[in-house]
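As structure tokens, the structure follows; a few thoughts come after it.
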There are 2 protein chains.
Amino acid sequence: MCSRGHSVNGLRLHPNRMEYTVSKLARMYGLSRSTLLYYDSIGLLKPAHRTEAHYRIYTESDMNRLEQIRTLRNAGVPLSEIKIMLEDPASRSGRILVQRLKAIQQQMKILRQQQRLIVHLLDKPQLLKKLPLLSKKKWILILRASGLDDKGMELWHREFEKTAPAAHQDFLESLGLSPEEIREIRQQH
Amino acid sequence: MCSRGHSVNGLRLHPNRMEYTVSKLARMYGLSRSTLLYYDSIGLLKPAHRTEAHYRIYTESDMNRLEQIRTLRNAGVPLSEIKIMLEDPASRSGRILVQRLKAIQQQMKILRQQQRLIVHLLDKPQLLKKLPLLSKKKWILILRASGLDDKGMELWHREFEKTAPAAHQDFLESLGLSPEEIREIRQQH
DNA sequence: CTTGACTTGTCTATTGCTTGACAGTTTATC
DNA sequence: GATAAACTGTCAAGCAATAGACAAGTCAAG
């Protein structure tokens with residue numbers, strides 16, 4: 001009630017300057033305290049300063065950095081590369097992101113193979129209906145039912161190949177076609 | 001040359017009974033020795049017996065088991081679940097595989113989101129051409145160029161929804177549409 | 001019997017955290 | 001001013017599935 005400033009606490013937080021302790025920051029960003037402690041330990045995000053009791057104090061610039069970190073983490077970029085990107089903003093960033101895109105593609109390929117394998121293991125046709133697996137046959141039926149004839153389908157392949165070759169490749173793979181079959185189709189168009 | 005049996009070695013391998021040491025087995029299956037050691041340590045694949053020098057000896061039945069393990073591993077099933085499946089062949093196998101399929105779907109969803117995010121971060125349209133990312137716009141252009149009109153496209157959606165609803169959902173997601181947009185499209189058909 | 005090549009078992013490191021323990025600090029209440 | 005709750009710090013271990021280092025063991029040749 002008597003006021004020597006309304007709450008000079010032991011942490012010496014400047015409420016108007018937006019300074020936070022670990023747990024508070026963690027809660028703000030939906031992270032666990034441990035995560036922030038970990039980021040500190042690997043030198044990815046060090047708090048601006050500490051109190052005399054050695055408590056971590058994070059400031060606004062730390063928050064900016066944390067936001068960048070989380071964005072990149074949401075993109076699946078590993079912490080080691082995030083560190084590089086933040087230290088060397090322009091230079092390597094593009095390369096790292098493109099690299100990550102390639103890794104994602106690779107990962108998707110693997111996952112599709114796993115899907116096929118499992119379906120094969122289960123070998124229960126009734127399950128197939130519920131699963132997001134399209135076979136070549138089904139796909140053709142769908143296009144046919146939409147009114148495309150042989151000529152139209154050829155056009156479709158050609159157009160797909162021209163507009164988005166990489167996506168075309170991925171799509172054919174997702175139908176479970178063999179590499180040779182894919183090569184054949186793509187070369188025809 | 002003199003024969004007290006043509007090679008009674010310290011390991012006491014019976015060459016006709018197909019027994020192998022760790023490294024040999026590893027090489028046969030293209031695995032690292034560490035992998036087999038690990039499988040042993042967690043009780044997933046224990047060698048049939050050991051030599052007096054405590055070397056691991058794997059027999060044919062171990063090889064059968066290993067093949068099953070690798071097949072399931074190739075399907076992305078975690079070792080802990082593989083163990084359960086091998087101990088209790090019939091009962092839980094189906095459930096575990098279906099569960100794995102769901103996890104794969106989930107993982108693909110995450111990867112697609114990461115793809116979108118990275119492309120957004122890069123924001124370099126010239127890269128987009130090389131990447132397997134299809135936008136709604138592009139997709140429509142492709143179908144149009146194949147000769148489908150508005151009516152045909154509607155048919156196409158309906159047919160897709162009827163034949164493979166889950167795949168339809170996945171496909172729409174992969175175009176980067178928002179959940180609401182997806183819901184709308186699917187309900188119309 | 002010694003040398004060298006090749007094993008073996010055991011142990012540690014990796015990624016991105018999470019969980020937990022234990023001790024010191026701060027805060028709020030009485 | 002004491003006390004309890006809620007915080008903080010540091011350290012350690014844990015997860016999956018290997019990869020690699022290391023010293024000790026084994027084998028074939030000389």
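Naming convention: chains lettered A, B, ... in sequence-line order (proteins, then strands); numbering from 1 in each chain. Small disclaimer: the values here were computed from a predicted structure and weren't measured.
Between B:K83 and B:E87, none of the side-chain N atoms (NZ, or NE/NH1/NH2) sits under 4.0 Å from a carboxylate O, so this pair counts as no salt bridge. Salt bridge annotation for A:R100-A:E81: absent, with no cationic side-chain nitrogen under 4.0 angstrom from a carboxylate oxygen. Ion pairing between a basic and an acidic side chain is recognised when a charged N comes within 4.0 Å of a carboxylate O; A:R144 and B:E159 show no such pairing.
A donor and an acceptor atom never sit less than 3.5 Å apart when one is taken from the side chain of B:R50 and the other from the base of C:dG9. The base of C:dG16 lies outside donor-acceptor range of the side chain of A:Y39, with no N or O pair under 3.5 Å.
The NZ-C1' distance, from A:K24 to D:dT8, rounds to 12 Å in whole Å. One interatomic measurement links the two molecules: CD of A:E81 to C1' of C:dG16, which rounds to 14 Å at whole-angstrom precision. When rounded to the nearest whole Å, the span between NZ of A:K46 and C1' of D:dT10 equals 13 Å. Here C:dT15 presents its P atom at 11 Å from NZ of A:K83, a figure rounded to the nearest Å. Distance CZ (A:R27) to P (D:dA6): 12 Å, rounded to an integer number of Å. Atom OH of A:Y38 is separated from atom P of D:dT8 by 21 Å (rounded to the nearest Å). To the nearest angstrom, C1' of C:dG16 lies 13 Å from CG of A:L36. B:Y58 has its OH atom 8 Å from the P atom of C:dG9, to the nearest Å.
Nucleic acid contact for B:T35: sugar-phosphate only, since backbone atoms but no base atoms lie under 4.0 Å from a heavy atom of the residue. At a threshold of 4.0 angstrom between heavy atoms, the contacts of B:R33 include nucleobase atoms, whether or not backbone atoms are also involved.
Taking the six-membered ring where tryptophan is involved, the planes of B:H168 and B:W156 are perpendicular, since the angle between them exceeds 60° and thus also 30°.
Just one of A:D62, A:T51, A:D40 meets the side chain to side chain donor-acceptor pair (under 3.5 Å) condition when paired with A:R56; it is A:D40.
At C:dT8, one or more side-chain N or O atoms of B:T21 fall inside 4.0 Å of OP1 or OP2 (strictly under the cut-off). In terms of phosphate contacts, A:S34 brings no side-chain nitrogen or oxygen within less than 4.0 Å of OP1 or OP2 of C:dT19. Contact annotation: A:R56 reaches the phosphate of D:dT10 (side-chain N/O to OP1 or OP2, under 4.0 Å).
Under 3.5 Å, the side chains of B:Q188 and B:E184 contain no donor-acceptor pair of N or O atoms.
Between B:L37 and B:I42, the residue anchored closer to the 5' end of DNA chain D is B:I42, taking for each the nucleotide with the nearest heavy atom.
A rotation axis mapping the C1' atoms of four pairs onto the next four is fitted at both ends of the helix from C:dC1-D:dG30 to C:dC30-D:dG1 over five pairs, and the angle between these axes is 30° to 10 degrees.
The shortest heavy-atom contact between B:H49 and B:T59 is CE1-CG2, 4.0 Å.
The distance from the CD atom of A:Q115 to the NE2 atom of A:H120 is 15.5 Å, given to the nearest 0.5 Å.
With distances taken from any side-chain atom of B:S23 to the nucleotides C:dT7, D:dT8, D:dT18, the minimum falls on C:dT7. Relative to the side chain of B:L79, the nucleotides C:dT7, D:dA17, D:dG9 differ in distance, and D:dA17 lies closest.
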